[in-house]
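One structure below.
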Amino acid sequence: MDLALLEDFLELARELNFSRAAEKRNMTQPAFSRRIRALEDAMRTPLVLRTTRQVALTPAGKAFQPRAAAIARALADAQREALEAAGRTQRSLNLAATHALSYTFVPRWLMHVAGPAEVGTLNMVSDTHRQCVDLVQRGEASFFISHRGPDTPQDLSERQFRHHVIGNDRLVPVSAPDAAGRPRWRLATDDGPAPYIGYGAASGLHAILESHWVLHGRPDLRQVMSSVLAATNLEMAKEGQGIAYLPGSLAERDLDRGRLVPAGDASHHVPVQVVIYRPRSRLSAHCEAFWQKVVSGSAV
């Protein structure tokens, strides 16, 4: 079986849209559809349910998806081990991190855990939570750093991935100040729903907030815009467009300088952890040494 067919299927399983998946795989939709048909022929069962309105995985497709991801990761591991045996590997770390953490937290944390000589060549990708999960599932990133909420369903299987807590953070509702330095917008007032700058579905912070509000109650908010980037929401909040729930690690500088002010008291804060993930399968010797430094208590 052509392993590229597995990557085609995994892209379709992520997008559930033939046009978007074909575009990401750099081919036309008819050619992409033929490749999915070829995979189904090889598997001797339909993997995808096609209708005029939507695309969904069949029960067989749902069962096959984690297996296909494991095969893709195994291939990446095999290539790495072959290069390592041939002495052609470099001391490098392939790290994926969500946008919200890549700006401030990750650079400081890396320098605390290991200096430049110990990190080696750092290949860091900053993207949405969803895209970072895809990278580590495909074996294109050895480590993934993201926020994790206590009530949020996890995207990475505990059977296939390990994780370690490397920090604590909180999502804080913030607003631009008015002329007197008070929040232009506040939670829990009698003036009706406050304008809210939300997160797109691809953002992990969206899932964290929604899960928290299901259990603890949703504030009276009226969403006026959304973005998958916390940095965008930060800038829109500074412009006075509404309330944004921002990681404290990202907003602390603007809070300290008065460019943003809290839009609610501590009861509205959402506690989160900062977590690093890795596959349970063996990594390169350099990556394994880095992981040992992380779990040994060197992390912040």
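The analysis underlying the following values was restricted to heavy atoms, covering all of them including side chains, and did not include hydrogens, waters or symmetry mates.
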- Task: Report yes if some heavy atom in the side chain of Arg50 is under 4.5 Å from a heavy atom in the side chain of Ile36; otherwise report no.
- Result: yes

- Task: Dump the intermediate steps for ring-ring contact (aromatic ring centres under 6.0 Å, His included) on Phe9 and Phe64, then the final yes or no.
- Result: CA-CA 10 Å; Phe9 168 74; Phe64 182 59; 5.3 Å; yes

- Item | Stepwise side-chain contact (heavy atoms from CB on, under 4.5 Å) test for Val275 and Tyr277 | CA-CA 7 Å; Val275 177; Tyr277 296 88; 3.8 Å; yes

- Item | Close side-chain approach of Val55 to Phe18, heavy-atom, < 4.5 Å | yes

- Residues which pass side-chain hydrogen bond (donor to acceptor under 3.5 Å, both in side chains) with Glu210, listed by chain and number, not counting sequence neighbours: Arg218

- Message: How close do Ala22 and Gln29 get, counting heavy atoms only, and between which atoms?
- Response: CB-CA, 3.8 Å

- Of all residues at least two apart in sequence or in a different chain, which pass the side-chain hydrogen bond (donor to acceptor under 3.5 Å, both in side chains) check with Glu11? Arg14

- Item | Heavy-atom check, side chain of Leu250 versus side chain of Leu234, under 4.5 Å | yes

- Query: Nearest heavy-atom pair of Gly240 and Trp185: which atoms, and what distance?
  - Reply: O-NE1, 3.0 Å

- Message: If we count only N and O atoms by modelled type, under 3.5 Å, do the side chains of His129 and Thr98 hold a donor and an acceptor together?
- Response: no

- Task: With the side chain counted from C-beta on, respond yes when Gln54 and Leu16 share a heavy-atom pair under 4.5 Å apart, and no when they do not.
- Result: no

- Message: Would you call the rings of Trp291 and Phe143 parallel, tilted or perpendicular, taking 30° and 60° as the class edges?
- Response: parallel

- Query: How many angstroms lie between NZ in Lys293 and CD in Glu288, if you round to the nearest 0.5 Å?
  - Reply: 14.5 Å

- Given side chains that start at C-beta, do those of Leu283 and Phe290 come closer than 4.5 Å, heavy atoms only? no

- Find the distance between OG (Ser227) and CD1 (Ile197) and round it off to the nearest 0.5 Å. 9.5 Å

- Message: Consider side chain to side chain contact (heavy atoms under 4.5 Å, CB included). Of Val48, Thr45, Thr58, which one does Glu40 pass it with?
- Response: Val48

- Derivation and outcome, side-chain contact (heavy atoms from CB on, under 4.5 Å), residues Trp109 and Ile276: CA-CA 11 Å; Trp109 173 79; Ile276 185 170; 3.8 Å; yes

- Message: Within the 4.5 Å heavy-atom criterion, are Leu6 and Leu39 side-chain neighbours or not?
- Response: yes

- When rounded to the nearest 0.5 Å, the distance separating CG of Leu5 from CZ of Arg37 is 14.0 Å

- Note on the structure: So the salt bridge (charged side-chain N to carboxylate O under 4.0 Å, His left out) pairs with at least one residue in residues 23-35 (sequence neighbours excluded) are Asp2-Arg35, Glu7-Arg25, Asp8-Arg25, Asp8-Arg35, Glu15-Lys24

- Message: Are Val125 and Leu95 packed together at the side-chain level, in the sense that at least one heavy-atom pair is separated by less than 4.5 angstrom?
- Response: no

- Query: Picking from His147, Gln273, Arg148, what satisfies side-chain hydrogen bond (donor to acceptor under 3.5 Å, both in side chains) with Asp169?
  - Reply: His147

- Query: Do side-chain atoms of Ser211 reach the backbone of Ile208 as a donor and acceptor pair under 3.5 angstrom?
  - Reply: no

- Is there a donor-acceptor pair under 3.5 Å between the side chain of Tyr199 and the backbone N or O of Tyr245? yes

- Work out which heavy atom in Pro219 is nearest to a heavy atom in Leu187; give both atom names and the distance. CB-CD2, 4.0 Å

- Test item: Asp178 side-chain N/O and Arg182 main-chain N/O as donor-acceptor pair under 3.5 Å: yes

- Item | Exercise: identify the closest heavy-atom pair between Gln160 and Pro66 | NE2-O, 4.0 Å

- Item | Whether Arg280 side chain and Glu158 backbone form a donor-acceptor pair below 3.5 Å | yes

- About how many Å separate CD of Glu140 and CG of Asp134, when rounded to the nearest 0.5 Å? 9.0 Å

- Query: Which residue, Val172, Leu205, Thr104, Val274, forms the side chain to side chain contact (heavy atoms under 4.5 Å, CB included) with Pro247?
  - Reply: Leu205

- Task: Measure the spacing between NE2 of His268 and CD1 of Ile243 and express it to the nearest 0.5 Å.
- Result: 9.0 Å

- Does the side chain of His163 pick up a donor-acceptor pair with the side chain of Gln154 at under 3.5 Å? no

- Item | Joint hydrophobic cluster, Leu101 plus Tyr103, side-chain heavy atoms closer than 4.5 Å | no

- Message: Using 0.5 Å steps for rounding, measure from the CD atom of Gln137 to the CG atom of Leu10.
- Response: 8.0 Å

- Task: Please examine the side chains of His286 and Leu93, heavy atoms only from C-beta on, and report whether any two atoms are closer than 4.5 Å.
- Result: yes

- Item | Exceeds 12 heavy-atom contacts within 6.0 angstrom, atom CZ of Arg253 | no

- Query: Does the Arg278 side chain pair with the main chain of Ser281, one donor and one acceptor, at a distance under 3.5 Å?
  - Reply: yes

- Task: Show your working on side-chain contact (heavy atoms from CB on, under 4.5 Å) between Val270 and Arg170 and close with a plain yes or no.
- Result: CA-CA 5 Å; Val270 179; Arg170 66 195 190 284; over 6 Å; no

- Of all heavy-atom pairs between His99 and Ser126, which one has the smallest distance, and what is that distance? ND1-OG, 3.0 Å

- If every non-hydrogen atom of Ala96 is compared with every non-hydrogen atom of Leu135, which pair is closest and at what distance? CB-CD1, 4.3 Å

- Salt-bridge present (Arg108, Glu252; N to O < 4.0 Å): yes

